[in-house]
Number of protein chains: 2
Amino acid sequence: VTRFDDFRENLGTPRNALRDRLAKLVDSGVLAKVPYSDQPPRYDYLLTDAGRDLWPVLTAMRQWGDRHGRPDGPIRMAHAACGAPASTVVICESCEGQLGHGDATMLPKASLAPPPVSP
Amino acid sequence: VTRFDDFRENLGTPRNALRDRLAKLVDSGVLAKVPYSDQPPRYDYLLTDAGRDLWPVLTAMRQWGDRHGRPDGPIRMAHAACGAPASTVVICESCEGQLGHGDATMLPKASLAPPPVSP
């Protein structure tokens with residue numbers, strides 16, 4: 001869903017509220033407004049890289065809600081290829097081990113170990 | 001930091017606002033209020049399991065901010081043991097591969113593949 005009327009139909013949001021929200025998401029760099037018709041002027045609202053990168057934020061929030069807010073919720077995120085549950089976790093980019101909050105620390109960027117070399 | 005006066009000193013939050021926020025976090029099950037003195041009555045505010053489970057949410061948000069909000073930010077989260085950068089990612093609980101948003105799907109819980117057996 002990328003167009004005003006389709007958002008409206010899907011979300012049931014009043015026109016004014018939807019217009020404000022889309023403008024906010026465009027202003028904050030989460031959506032890009034791309035014309036698909038000049039006459040009349042019409043736009044697709046497409047996710048930017050920054051918008052796509054919100055995915056782990058949303059999945060982490062949903063995971064928390066599934067665990068603590070609505071543990072009886074009927075659906076869960078899964079790996080499409082194998083059907084096993086998917087989770088949001090924190091990993092080390094070098095050893096790829098999962099980190100708990102006691103395993104992580106905040107460091108000045110200049111002191112970070114270099115990222116692993118891709119094969 | 002687990003005590004009212006220490007929160008106040010660390011955050012610079014006015015007493016009333018801090019009292020309201022702590023009460024909200026206790027009500028929502030993120031903090032537990034545990035007495036450490038009866039006379040006068042004094043409390044530690046301790047993270048619950050639900051509070052601790054907010055960690056991936058906060059790290060995912062900070063990661064987004066580091067990448068798109070303040071890419072010039074001076075610090076990054078790292079694996080304490082090796083100093084390499086840490087990231088919030090979505091993984092499959094079975095094959096442990098990292099998933100992009102095209103790799104994930106929402107399934108009814110009843111149809112999920114069983115989780116892997118722990119060794």
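Only a predicted model underlies this, so the values are computations on that prediction, with no experimental measurement involved. Chain identifiers are assigned alphabetically (A, B, ...) following the order of the sequence lines, protein sequences preceding nucleic acid strands; residue numbering begins at 1 within each chain.
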> Are B/Ile75 and A/Leu107 side-chain neighbours, meaning at least one heavy-atom pair lies under 4.5 Å?
Replying inline: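 In short, these two side chains do not touch, never coming nearer than 4.5 Å.
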Would you mind telling me which of [options] has the largest number of heavy-atom pairs within less than 4.5 Å of chain B?
options	value
A/Cys95, A/Ala50, A/Ser28, A/Ala104	A/Ala50
A/Ala78, A/Cys92, A/Cys82, A/Gly97	A/Ala78
A/Ile91, A/Thr48, A/Asp66, A/Thr88	A/Ile91

> Pick from B/Ser87, B/Pro108, B/Gly83: which one has the most heavy-atom pairs with chain A under 4.5 Å?
Replying inline: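 Result: the option with the highest number of such pairs is B/Ser87.
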> When only heavy atoms count and the cut-off is under 4.5 Å, which of residues 54-62 of chain B reach chain A?
Replying inline: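 At a heavy-atom separation under 4.5 Å, chain A is reached by B/Leu54, B/Trp55, B/Pro56, B/Val57, B/Thr59, B/Ala60, B/Met61, B/Arg62.
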> Which region of B/Arg76, side chain (C-beta onward) or backbone (N, CA, C, O), has a non-hydrogen atom less than 4.5 Å from a non-hydrogen atom of chain A, or is it both or neither?
Replying inline: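 Its backbone and side chain both get close to chain A.
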> Contact part of B/His79 toward chain A, heavy-atom cut-off under 4.5 Å: side chain, backbone, both or neither?
Replying inline: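 Answer is both: backbone and side chain atoms of B/His79 are under 4.5 Å from chain A.
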> Passes side chain to side chain contact (heavy atoms under 4.5 Å, CB included), B/Arg52 versus A/His101? Steps please.
Replying inline: CA-CA 8 Å; B/Arg52 248 183 299 275; A/His101 60 134; 3.2 Å; yes
>> Run B/Gln63 and A/Asp53 through side chain to side chain contact (heavy atoms under 4.5 Å, CB included) and show every step you take.
In response: CA-CA 9 Å; B/Gln63 177 171 304; A/Asp53 278 350; over 6 Å; no
>> What's the separation between atom CG in A/Leu99 and atom CE in B/Met77, rounded to the nearest 0.5 Å?
In response: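 Nearest 0.5 Å value for the CG-CE distance: 7.0 Å.
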>> Please determine whether residues A/Leu22 and A/Leu47 belong to a single hydrophobic cluster, defined as Ile, Leu, Val, Met, Phe, Trp and Tyr linked transitively by side-chain heavy-atom distances below 4.5 Å.
In response: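 Linked within one cluster.
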